[in-house]
Trainee: 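Right, I'll just put the structure down here and ask away after.
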Amino acid sequence: NKENMEFNLSNIHQRIDCTLRQLQSQHQHVDDVLGDIKYLKTLSLEVLMVVNDVYQCPRIKSLKELKNIRDRTTHDISSGDPCVDNRGKGLDSLAVLNRLNDFISKMDKYIAVLQEMYMGFTQKVLVPLQTFCSGHQPYIGREDISLQRIESEILDLMSKIKVLLWSPEVEDYYFSNELFSQTVADEVDCTACPLLRLIPDVLQKMNAVFTRAQTWLRRDILYVQNTKAALHRASKKCVQMRRRYDLAKEAFAQLQREATETEKSIRSHEERLAHIKEEIQRYRKEREKVRESKTQLEDKLQDSSNLIDVSLDVLKVRVKALRKRLLVLGTKIESRERTFGHIKEKLKALKIEHKIIQDRIKNSEKYLEEMEEKLKALLKTKHAWEQRHALKTDPEHLRAKQEAKTVRIPLKAVRVKTFVTKTRQQTLQRALALVEEIYDGKQWKRLATRLTWPDGAHITPEDMAAIQARCPDDVPAQAQKMLMLWRARCGKMASTESLMLALKSSDQLDVAERIEKLLDEQ
């Protein structure tokens with residue numbers, strides 16, 4: 001949890017902002033001392049132009065030249081030689097020397113302060129901004145292009161500041177031709193001593209760098225806020241669309257159930273119609289037979305001369321029964337026909353209803369497909385915002401970005417490639433390859449004890465004995481085995497810097513210097 005807190009983007013933003021505030025405070029302090037035009041004008045007229053006249057120095061372009069003039073003035077005072085300008089006017093050498101010493105001490109002090117500010121900004125502001133606050137998605141395309149321009153301007157200004165602070169001589173073409181730097185050039189005679197413009201110009205450039213860095217930081221904070229808000233909106237839309245999709249899906253399922261029930265009713269009514277139709281046909285056939293029987297009996301009754309009384313009565317009873325049967329059959333047929341008509345009408349209505357339900361199912365299915373496509377699109381959008389938000393806030397992503405960067409800042413000798421970054425593992429791999437090439441392996445045990453090992457995984461005498469046993473007569477191979485063990489145990493914590501320090505402390509200075517040259521060439 002502590003590691004995750006360290007890789008919290010909000011904390012990173014706060015650290016960058018805090019560092020910028022501290023640097024601006026230091027900037028203001030230096031500006032109060034050496035950014036005063038009145039002080040610089042007085043210094044130019046009463047000290048620097050005077051010593052120029054005395055020692056015939058056309059231009060003082062470096063602090064070293066100014067210190068040489070101070071040393072000559074000190075020597076002249078100690079030897080008793082009078083300081084006379086080109087007009088033969090004597091000078092208060094001691095007062096000039098004191099003011100010269102004061103200016104030189106301020107320049108030494110505040111150039112060192114500015115160099116520390118430069119390195120602090122590079123390490124604690126610029127590299128974190130490049131590492132954690134760049135690579136935005138095209139969601140705010142113009143803003144992103146603007147950030148690229150801001151980064152380019154910062155790098156350009158930092159390169160110029162680096163030249164001004166570490167170059168042995170100050171050249172005019174590095175100075176800015178606008179704002180405060182140009183005001184100093186206009187109001188203070190810097191012809192004889194361009195060094196007077198150095199601190200004001202660096203302060204102006206640093207102020208521009210700080211302003212751009214703050215803009216960069218604010219835009220990244222705004223980007224993270226916008227990303228979070230967009231993710232929240234996308235999540236909310238997904239929830240709403242999921243609810244609508246579920247309702248549409250349930251409505252579609254309900255229509256399918258209704259269609260199934262309607263189909264069952266249609267089949268049932270069709271079966272019943274077929275059954276009633278069969279009954280009607282059977283009753284009609286039976287009625288025809290009864291009519292034929294009745295007609296035959298009636299014919300016999302008309303020809304009753306040959307019949308006895310008993311037979312005649314029987315025939316009359318049978319005719320009467322057949323008539324009654326005909327009435328019953330007629331009633332049944334009429335009843336069945338009425339029922340058949342009702343069921344047929346109902347079947348027709350059911351078929352119409354079924355057709356309507358089928359049309360609604362088609363429309364519902366189409367609507368459901370559209371909802372599904374919209375839901376997929378929203379989920380895709382949500383996933384994209386989740387990825388963007390995770391890239392900016394997930395501790396694992398931030399840690400991966402941190403491990404992919406290595407800070408390069410000027411130390412005693414100014415490094416040419418201040419802003420070039422390579423992965424730590426690539427740099428370490430090249431350094432180990434160089435060690436394998438030029439290190440003879442002598443005192444490798446001493447080197448092993450100087451290396452930084454992780455807690456609980458330090459190299460032991462048993463480890464050294466095992467290495468010697470594996471390569472008994474090959475000292476360089478033993479050294480390489482030890483370094484391989486060190487890298488394996490340290491993992492991602494193994495660094496080129498740790499290797500260089502161990503080489504220096506074990507008196508392998510030539511190997512360490514070769515590695516440092518390798519780093520300078522990157």
Trainee: Taking 4.0 angstrom as the limit, do R149 and E153 come out as a salt bridge?
Mentor: yes
Trainee: Who passes salt bridge (Lys or Arg N to Asp or Glu O under 4.0 Å) against K237, sequence neighbours left out?
Mentor: none
Trainee: Could you pull out the closest heavy-atom pair between L503 and V511, with the gap in Å?
Mentor: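 Result for this residue pair: CD1-CG1, 3.8 Å.
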Trainee: Out of curiosity, S152 OG to R212 CZ, how far, rounded to the nearest 0.5 Å?
Mentor: 10.5 Å
Trainee: Could you walk me through whether L368 and E372 pass the side chain to side chain contact (heavy atoms under 4.5 Å, CB included) test, one step at a time?
Mentor: CA-CA 6 Å; L368 193 63; E372 189 174 2; 5.6 Å; no
Trainee: So do the side chains of T449 and K445 get within less than 4.5 Å of each other, counting heavy atoms only?
Mentor: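 T449 vs K445: side chains apart.
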Trainee: Before you tell me yes or no, could you show the steps for Q214 and Q24 under side chain to side chain contact (heavy atoms under 4.5 Å, CB included), namely the whole-Å CA-CA distance, both residues' side-chain angles and the distance that decides it to 0.1 Å?
Mentor: CA-CA 11 Å; Q214 283 179 327; Q24 286 173 328; 3.0 Å; yes
Trainee: Heavy atoms only: give me the nearest G441-A479 pair and the separation to one decimal.
Mentor: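 Smallest heavy-atom distance, with atoms named: CA-CB, 3.8 Å.
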Trainee: Do Q480 and L483 have side chains that approach each other closer than 4.5 Å (heavy atoms only, starting at C-beta)?
Mentor: yes
Trainee: On a heavy-atom basis, which atom in V224 and which in H389 lie closest, and how many Å separate them?
Mentor: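 Taking every non-hydrogen atom into account, O-CD2, 4.5 Å.
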Trainee: Go through the steps to decide whether Y118 and L114 satisfy the test side chain to side chain contact (heavy atoms under 4.5 Å, CB included), and finish with yes or no.
Mentor: CA-CA 6 Å; Y118 176 92; L114 290 172; over 6 Å; no
Trainee: Side-chain contact, heavy-atom cut-off 4.5 Å: I111 with V202?
Mentor: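 When only atoms from C-beta onward are counted, V202 and I111 do not touch, as no gap falls below 4.5 Å.
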Trainee: What's the separation between atom NE2 in H232 and atom CH2 in W385, rounded to the nearest 0.5 Å?
Mentor: 14.0 Å
Trainee: Quick one: does I154's side chain get under 4.5 Å of F121's, heavy atoms only?
Mentor: yes
Trainee: Are any non-hydrogen side-chain atoms of V475 and D440 less than 4.5 angstrom apart?
Mentor: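 Counting from C-beta outward, V475 and D440 never come under 4.5 Å.
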Trainee: Decide yes or no on side chain to side chain contact (heavy atoms under 4.5 Å, CB included) for V113 and H29, but give the supporting numbers first.
Mentor: CA-CA 10 Å; V113 170; H29 176 66; over 6 Å; no
Trainee: Which residues satisfy the salt bridge (Lys or Arg N to Asp or Glu O under 4.0 Å) test with R21, sequence neighbours excluded?
Mentor: D17
Trainee: Considering all heavy atoms of both residues, which atom of S506 and which atom of Q443 are nearest to each other, and what is their separation?
Mentor: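 The answer is O-OE1, 3.8 Å.
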Trainee: Kindly give the heavy-atom pair with the smallest separation between H13 and C133, and that separation in Å.
Mentor: NE2-SG, 3.8 Å
Trainee: Without swapping roles, check the side chain of Q478 against the backbone of I467 for a donor-acceptor pair under 3.5 Å.
Mentor: no
Trainee: So, taking the atom named CG in L499 and the one named CG in L447, what distance separates them when rounded to the nearest 0.5 Å?
Mentor: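 Here the rounded value is 7.0 Å.
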Trainee: Before giving the answer on side chain to side chain donor-acceptor pair (under 3.5 Å), spell out for R514 and Q508 the whole-Å C-alpha distance, their side-chain angles and the decisive distance to 0.1 Å.
Mentor: CA-CA 10 Å; R514 289 286 299 276; Q508 302 297 326; over 6 Å; no
Trainee: Evaluate the side-chain proximity of I16 to K124: yes if any heavy-atom separation is below 4.5 Å, no if none is.
Mentor: no
Trainee: Could you tell me which non-hydrogen atom of L375 sits nearest to which non-hydrogen atom of C238, and how far apart they are?
Mentor: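 Distance-wise, the nearest heavy atoms are CD1-O, 4.0 Å.
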Trainee: Any heavy-atom pair between the side chains of L485 and W453 that's under 4.5 Å?
Mentor: yes
Trainee: Rounded to the nearest 0.5 Å, what separates atom CG in L126 from atom CE in M158?
Mentor: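 That separation rounds to 6.0 Å.
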Trainee: Between K481 and Q468, is any pair of side-chain heavy atoms under 4.5 Å apart?
Mentor: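 A side-chain contact under 4.5 Å is absent here.
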Trainee: Just how far is it from atom CE of M117 to atom OG of S25, taken to the nearest 0.5 Å?
Mentor: 9.0 Å
Trainee: What distance do L129 atom CG and E151 atom CD have between them, rounded to the nearest 0.5 Å?
Mentor: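 L129 atom CG to E151 atom CD measures 8.5 Å (nearest 0.5 Å).
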Trainee: Could you list all the salt bridge (charged side-chain N to carboxylate O under 4.0 Å, His left out) pairs where at least one residue sits in residues 462-476, not counting sequence neighbours?
Mentor: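 Passing the test, one end in residues 462-476: D463-R489.
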Trainee: Hey, does the side chain of Q115 reach the backbone of L165 with a donor-acceptor pair shorter than 3.5 angstrom?
Mentor: yes
Trainee: What I want to check is whether the side chains of N207 and H27 have a donor and an acceptor closer together than 3.5 Å.
Mentor: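 Per modelled atom types, N207 and H27 side chains form no pair under 3.5 Å.
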